[in-house]
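Starting from 1, each residue takes its place in the sequence as its number.
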Amino acid sequence: SHSTSRRQNQQRIYGVSSPVSLAPPEDIDRVQTQRLIEAMKPFGVFEDEKELNHRQVVLGKLNNLVKEWISELGESKNLPTSTAATLGGKVLTFGSYRLGVHTKGADIDAVCVAPSHVERSDFFQSFLAKLKHREEIKNLRCAVCKQCSIQTHSWHFFPLKIDLVFARLSVQTVSDNLDLGDDSRLRSLDIRCIRSLNGCRVTDEILDLVPNKENFRLTLRAIKLWAKRRGIYSNMMGFLGGVSWAMLVARTCQLYPNALASTLVNKFFLVFSKWEWPNPVLLKHPEESNLNLPVWDPRVNPSDRHHVMPIITPAYPQQNSTYNVSTSTRAVMVEEFKHGLEVTNEILQGKSDWSKLFEPLNFFQKYKHYIVLTASASSEEHHLEWVGLVESKIRVLVGNLERNEFIDIAHVKPQSFPGNKELCKQNGYVSMWFLGLVFKKMENAENVNVDLTYVIQSFTDTVYRQASNLNVLKEGMKIEAAHVKRKHLHYFLPAEILQKKKKQSIPDISQNASGLQCKRTSSDGNCLDSSRDMDSKTPCNSSSLNKISKLETSPADTERSVVYQRSNSAKNREKIHRVAVPSVSKGCTIPVTDSEMEDTVSLRMPGPPIGCTIPGYNTVAQLRAHFVQGQQELSWTSTTDPKNAAPKRPYSLTTKGPHSPTSGECPKKTMGREKLTGQDSTFKDGGNPEDIRRRSTENV
C-alpha cells in the first residue's frame, strides 16, 4: 500500500483540476472494453495493417515530392545548386490521422512546411502544376476554407484523399526533425500560416495532455462513431468537429486517468450532460506569450462572450473550436449526452449491449414539423460548387430560426439527400437538407401566427449575395425552402430512410380516434369536412389526402380559411386554429399543432419546392436567379395547381408580425395586402433582394 501511495503522489496531474477518480480498472471493465471493440468493428472504425502501411507509403512519396519541388524552386530563384539541395521541406499531418483514430478510407489532413524563400503563390502555381503531371494523382482541385481563409490542395493519391495546406516558416531550411511545439516558430508569420500550423500544434498538445494515449484513442473512436450515428458530427452545421470531440474526450481522460475505454465512454456522457455551459472546457491553463496574437478571452473580446459552448484549443494562440455552435445545436447535443448516459448505464449494468449506443437517431420521426431546404443547379459541376456554398450557410438559417420568439429548437440534420426523380427532372441536380422544429409552449394564447417569411428570405438573400460576391452564381442555381409536416416527408424521401419504429398497435385511422377534424370554410359559409391522418406515425390515408388536395379555391377569394378543431379531453373544450392561406402568394400560412403545446400556432413560409406536389399545397414559390443583359435579377415566381388556379396576377411578398386573434374572431380577408398592378417596378427592375423586399413592403 505504501508503494501504491507513492506512485499516486508521483503521478502527473493532467488538466486544470484534480482528477475525479484514480480508481484502477476491474476485470469487468476489461470485459466491457473488449465488447465495445467488437461492437465498433462492423462500422469500419479500425484500419488493418495493410491499409495503414499504404498511408505511410503515400505520405513518404508526398514528402519527397515536396522536397524535390522546393529544391527546383530554389534553383529557379537563382540559389546555388548545393544550397537548393539542402533547403529541405516537410509534410506534417494533423487531425484524425495524427491522433491515431482515423477510420477506413478516411482523408488525410496535412500541411506543407516550406522555408522562407517559398511564397504562397508558388504553392498554388508551380507545385500545383507539378502535381498535375503525376499519373497517380487524380481529382486535383484547389479550394478555400471559407471559415479560416486558408487555401488547400485536395486530390486523390489513389485510393486516398489528401487535403494539403501551406505554411512558410521564417527560416532558410526546414529539417526533418522539425519541432513545431516552440511558440517562437510563429514569430513573423502571417495569420494564414499560423492557422495552417495550428492543426499540428493542437493535435500534439492533445496527445501530450492525456494520461494514457491508447485509452484516449479507443474512447475517441467510440465517441466519434456515436456522434456520427446520432447526427451531431459537423462543425460546419453548428455541431462539433473532430478536434472538439477529441478535446472533450481528452478532458474526460484527465478526470479519470486510470479508467479503461468502457468506463471513459460512460464518464464522458456523465461529465458533459451535467456541464454548466457556457463555462469553457480547458485542457490546460492558457499560457502567456509575447507574440501578441489574438486569443480567446471573453474578458477582452466582447464577441467571445456570445459563444455558447466554448471548447478551447490548448496550443497558443488559444481559440474556441466551437464558435459555430448555437443554442439549438447545443440543446440537441446536451439531449444526446443525456441519452448516451442512460444507454451506457444500462450497458454497464448488463441490461443492454454496446450496439444500442450506436443506433442511429430516428430524425424523421423525432419532430412533427420540418423545413426542407433544396439547392439545385443545371449541371453537376455547378451543383457541386453551389451545394458547398449553401451548406456552409445553413447554420445562419438555424440561427435565424432559433431567434424567433416562438421557436424553441431548430435541429438540422447534417446529412444531405439527393432530390427525387420529379425534383431532378425539373431542377437538374438537387440536394436537400432537413431541419426539425420545436415550438415553445405559449401560455394564455389560443391562437398564434408564426411568420417565417422574412427568416427564409433573409437566408436566401445572404446565400445569393455571397455567391454573387464570390462570382460563383450561375444561371440555374436556386434555393428553395418549404414547411413540411412529418406525414408528408415521404413525398421527398424514400421509405427506407423514413423507417418507423415498430409499434405494438396501429390506430385505426378510419375511426379518427384523436377527434381531430379538418374543416374548410368556403366563401358562402359552408363547411367542407375532410378526414385527416392524426397520428403521423401511421400510414397516410390516401383518401384523406385526396380529399384535402381536392379542396376547391374560389377565384373571387384572395384568401381561404382553414379551421382545425381538436378536442381536449383534459379541459373538455375545443381550440380553433385559424390559418390564412393566400391563394397566390410567395408564402403559405401552415397550421402547426404539437402534442407538447396547448396553444395553436400558424406557420407562414414558402410552399414546397417545385416539382414536389403535396396535398393541401396549391401554391409553390421559387426564388430564381435571372440574368438580364448581364445583370443579376432576383424575382419570385409561383407555380399554381392548375385545378385550383386563381387568375394570374402579380403579387407582393409580405412579412407579417405575430398575430393572435381571439377565439371568437372570424377569419377575414387581409386588407393590408394590396393587389399590385402589372406595371409594378418591384418585379420589373433588377436589383438586390434587399431593394426588392423594401419596395414590396412599401406596396403593402
Go through the structure and list residues passing side chain to side chain contact (heavy atoms under 4.5 Å, CB included) with [X], not counting sequence neighbours.
X	answer
Ser376	Asn427, Val430, Lys478
Ser431	His383, Val387, Trp433
Thr462	Arg465
Gln415	Lys413, Phe417

By salt bridge (charged side-chain N to carboxylate O under 4.0 Å, His left out), which residues pair with [X], not counting sequence neighbours?
X	value
Asp408	none
Arg230	Glu336
Glu335	Lys366

So does [Y] get a backbone contact from the side chain of [X], meaning a donor-acceptor N/O pair under 3.5 Å?
X	Y	result
Asn235	Thr322	no
Arg330	Met309	no
Thr374	Met432	no
Gln365	Arg486	no
Ser458	Tyr454	yes

* Anything under 30° is parallel, anything over 60° is perpendicular, the rest tilted; go ahead and classify Phe434 against Phe364. => perpendicular
Residues forming a side chain to side chain donor-acceptor pair (under 3.5 Å) with [X], sequence neighbours excluded:
X	answer
Arg229	none
His307	Trp296, Asn320
Thr327	Glu402
Ser378	none

To check you understand the geometry: which heavy-atom pair defines the closest contact between [X] and [Y], and what is its length?
X	Y	result
Val412	Phe239	O-CE1, 3.5 Å
Ser468	Leu473	N-CB, 4.2 Å
Met477	Trp386	SD-CE3, 3.5 Å

* Would you tell me whether Thr453 and Asp451 have side-chain atoms, one donor and one acceptor, within less than 3.5 Å of each other? =>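 Note: Thr453 and Asp451 side chains meet the donor-acceptor criterion.
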* Does a donor on one side chain sit under 3.5 Å from an acceptor on the other, for His411 and Tyr367? -> yes
* Asked: Any chance the rings of His369 and Phe439 have centres within less than 6.0 Å?
  -> yes
* State, with a plain yes or no, whether a side-chain heavy atom of Ile407 is found less than 4.5 Å away from one of Leu452. =>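 Yes. Closest side-chain heavy atoms under 4.5 Å.
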* Roughly how far, to the nearest 0.5 Å, is CE of Met237 from CG of Asn324? ->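 One finds 11.0 Å between CG of Asn324 and CE of Met237.
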* Looking at residues at least two apart in the chain, or sitting in another chain, which of them share a ring pair (Phe, Tyr, Trp, His ring centres under 6.0 Å) with Phe337? -> Phe268
* **Candidate pair Glu475 and His382, rule side-chain contact (heavy atoms from CB on, under 4.5 Å), full reasoning** => CA-CA 9 Å; Glu475 187 174 5; His382 291 171; over 6 Å; no
